[in-house]
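What follows is a short report on a single structure.
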Amino acid sequence: MSITHDNRFRATIPGNHEVVDLIDSLTVEWVTPSLAQAYLDTIYQVDDTNARATRPIKVTEIACDILDGNWSPLMDSLKFDTRGILRDGNNRCKAIIEADTPVQTMILRDCSEAFLTAVDTGTTRNTAHVLEINNTYNPKMTSRALILQWQYENQYQPGSRVRTRIRSGLRPLNTRNILDHLKHHPRILESVRHIESESGLKVLGSLGEFAWCHYAIATVNPGRRDLVDEFFKRLAQGIFTQENDVLISLRGRLFQNVNSRQMTLKLAPGMAVALVLKGWNLWVQGEEKQVLVW
């Protein structure tokens with residue numbers, strides 16, 4: 001920061017020209033209820049962006065502040081992307097409509113995707129929320145599968161608490177880079193869709209974990225996706241071809257883990273994933289297939 005002759009701070013942030021440009025173009029404008037609705041309507045003009053989740057309690061709280069004269073235009077800014085789509089400020093726009101009162105508020109326009117991901121405010125969001133906002137298919141399942149992929153490729157044990165055990169020099173997976181991680185593993189969405197279609201898996205565990213297992217096994221066996229699909233189909237539906245079929249014990253153990261009230265039958269975090277991989281390895285013994293070890 002540098003100080004001008006009249007003692008006002010002026011942004012001179014090295015290496016971050018976008019932030020400087022946004023600060024220079026920041027405006028404070030009157031937002032009427034009708035304009036707030038028009039801003040909200042921009043969200044539905046595109047298919048790749050979903051509205052932020054809003055909280056009725058928070059909307060009413062802000063509306064009360066407006067009516068009580070406690071609204072400040074410096075609280076936060078409405079943020080628009082380069083297409084003019086409202087990307088942050090849903091609660092505030094809905095509060096203006098609920099209060100039926102125009103207010104002054106800060107507005108940032110022409111925000112890049114990287115900037116919007118880094119400064120998303122108003123509500124605490126996890127990786128699934130970020131995927132949902134960006135119109136990702138089944139964001140909850142996809143988020144779980146992506147987290148497991150991050151753990152796997154960075155050689156963490158299944159079930160590791162990655163947020164408290166990040167190794168030196170390793171970038172953690174978080175809301176800022178989850179979309180980039182998905183871009184590196186786009187076919188994980190195919191696995192999410194396939195596992196979602198196998199309804200019998202719901203009683204056996206986390207669909208997000210099954211989706212990652214499907215993706216990981218299919219990735220090392222690119223020419224035998226049909227066999228991978230068959231493995232999960234038989235696991236889901238309880239289809240066994242012989243008395244000592246490994247899927248009998250695997251399905252039974254997973255079912256116990258999910259449905260038993262006895263803690264002794266519960267698996268440690270990550271063990272269900274390890275058992276599925278082990279089950280695949282045993283199921284294809286004697287076949288010309290790649291096994292997977294975590």
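Here the side chain of Trp71 pairs a donor or acceptor atom with the backbone of Gln104 at under 3.5 angstrom. The backbone N or O of Ala272 lies less than 3.5 Å from no partner atom in the side chain of Arg253, so there is not a single donor-acceptor pair. Proximity of a side-chain donor or acceptor of Asp229 to a complementary backbone N or O of Asp226 within less than 3.5 Å is not detected. Looking only at distances, a side-chain donor or acceptor of Arg251 sits under 3.5 Å from a matching main-chain atom of Ala236. Between the side chain of Ser191 and the backbone N or O of Cys213 there is no donor-acceptor pair closer than 3.5 Å. Thr60 contributes no side-chain N or O that, together with a main-chain N or O of Ile57, makes up a donor-acceptor pair within less than 3.5 Å. A donor-acceptor pair under 3.5 Å is absent between the side-chain atoms of Arg144 and the main chain of Phe210, judged by distance alone.
Counting heavy atoms from C-beta on, the side chains of Tyr39 and Leu35 come closer than 4.5 Å. You'll find the side chain of Val273 stays beyond 4.5 Å of the side chain of Tyr152, heavy atoms only. In this structure, the side chains of Leu189 and Leu182 come closer than 4.5 Å at one or more pairs of heavy atoms. For the pair Gln37 and Ile96, the minimum side-chain heavy-atom distance is 4.5 Å or more. Annotation: side chain of Glu190 is in contact with side chain of Arg225 (closest heavy-atom distance under 4.5 Å). Side chains of Tyr215 and Val192 form no contact here, defined as non-hydrogen atoms less than 4.5 Å apart. Side-chain contact between Val103 and Pro73: absent, with no pair of heavy atoms (C-beta onward) separated by less than 4.5 Å. A 4.5 Å side-chain heavy-atom check between Glu230 and Arg234 finds at least one atom pair inside the cut-off.
Below 30°, between 30° and 60°, or above 60°: for His185 and His181 the angle between ring planes is above 60°, a perpendicular geometry.
In this structure, CD1 in Ile97 is found 13.0 Å from CZ in Arg92, a value given to the nearest 0.5 Å. Atoms CD and OG1, on Gln256 and Thr264 in that order, are 9.0 Å from each other to the nearest 0.5 Å. To the nearest 0.5 angstrom, Ile66 atom CD1 is 11.5 Å from Ser72 atom OG. Atom-to-atom distance recorded for Ile85:CD1 and Ile43:CD1 is 8.5 Å, nearest 0.5 angstrom. Here the CD1-NZ distance, from Ile62 to Lys94, works out to 11.5 Å after rounding to the nearest 0.5 Å. Distance check, rounded to the nearest 0.5 Å: NE2 of His214 to OG1 of Thr219 gives 9.5 Å.
Clustering ILVMFWY residues whenever any of their side-chain heavy atoms sit less than 4.5 angstrom apart, transitively, puts Val284 in a cluster other than the one holding Ile239. Hydrophobic clustering, with ILVMFWY side chains joined whenever heavy atoms are under 4.5 angstrom apart, keeps Val59 apart from Leu78. The hydrophobic cluster containing Leu265 does not contain Phe255, counting ILVMFWY residues as joined when their side-chain heavy atoms lie under 4.5 angstrom apart, directly or transitively. A continuous path of ILVMFWY side-chain contacts below 4.5 Å connects Leu247 to Leu282, so both sit in one hydrophobic cluster. Linking ILVMFWY side-chain heavy atoms closer than 4.5 Å, directly or via other members, places Ile147 and Leu179 in a single hydrophobic cluster.
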Walk me through whether Trp212 and Leu146 qualify under side chain to side chain contact (heavy atoms under 4.5 Å, CB included).
CA-CA 7 Å; Trp212 176 77; Leu146 285 171; over 6 Å; no
I'd like to know whether Glu196 forms a side chain to side chain contact (heavy atoms under 4.5 Å, CB included) with Leu201, so could you lay out the CA-CA distance, the side-chain angles of the two residues, the decisive distance to 0.1 Å, and finally the verdict.
CA-CA 8 Å; Glu196 187 183 48; Leu201 291 173; over 6 Å; no
Mind running side chain to side chain contact (heavy atoms under 4.5 Å, CB included) on Phe232 and Val276 for me, showing each step along the way?
CA-CA 10 Å; Phe232 283 95; Val276 173; 4.1 Å; yes
Before you tell me yes or no, could you show the steps for Glu61 and Lys58 under salt bridge (Lys or Arg N to Asp or Glu O under 4.0 Å), namely the whole-Å CA-CA distance, both residues' side-chain angles and the distance that decides it to 0.1 Å?
CA-CA 5 Å; Glu61 178 183 313; Lys58 184 64 175 179; 3.5 Å; yes
Go through the steps for Arg83 and Gln45 under the test side chain to side chain contact (heavy atoms under 4.5 Å, CB included), then give the verdict.
CA-CA 10 Å; Arg83 301 167 297 179; Gln45 295 175 4; over 6 Å; no
Applying salt bridge (Lys or Arg N to Asp or Glu O under 4.0 Å), run through Glu198 and Lys233 and close with a yes or a no.
CA-CA 7 Å; Glu198 295 289 357; Lys233 176 182 177 181; over 6 Å; no
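Considering Leu250, Val258, Asn257 as possible partners of Leu254, the one that fulfils the side-chain contact (heavy atoms from CB on, under 4.5 Å) test is Leu250.
For Asp88 against Leu86, the heavy-atom pair with the smallest separation is O-CD1, 3.5 Å.
A 6.0 Å sphere centred on CZ of Arg187 holds no more than 12 heavy atoms belonging to other residues, nucleotides or ligands. Atom NZ of Lys266 sits in a crowded spot, with more than 12 heavy atoms from other residues, nucleotides or ligands closer than 6.0 Å.
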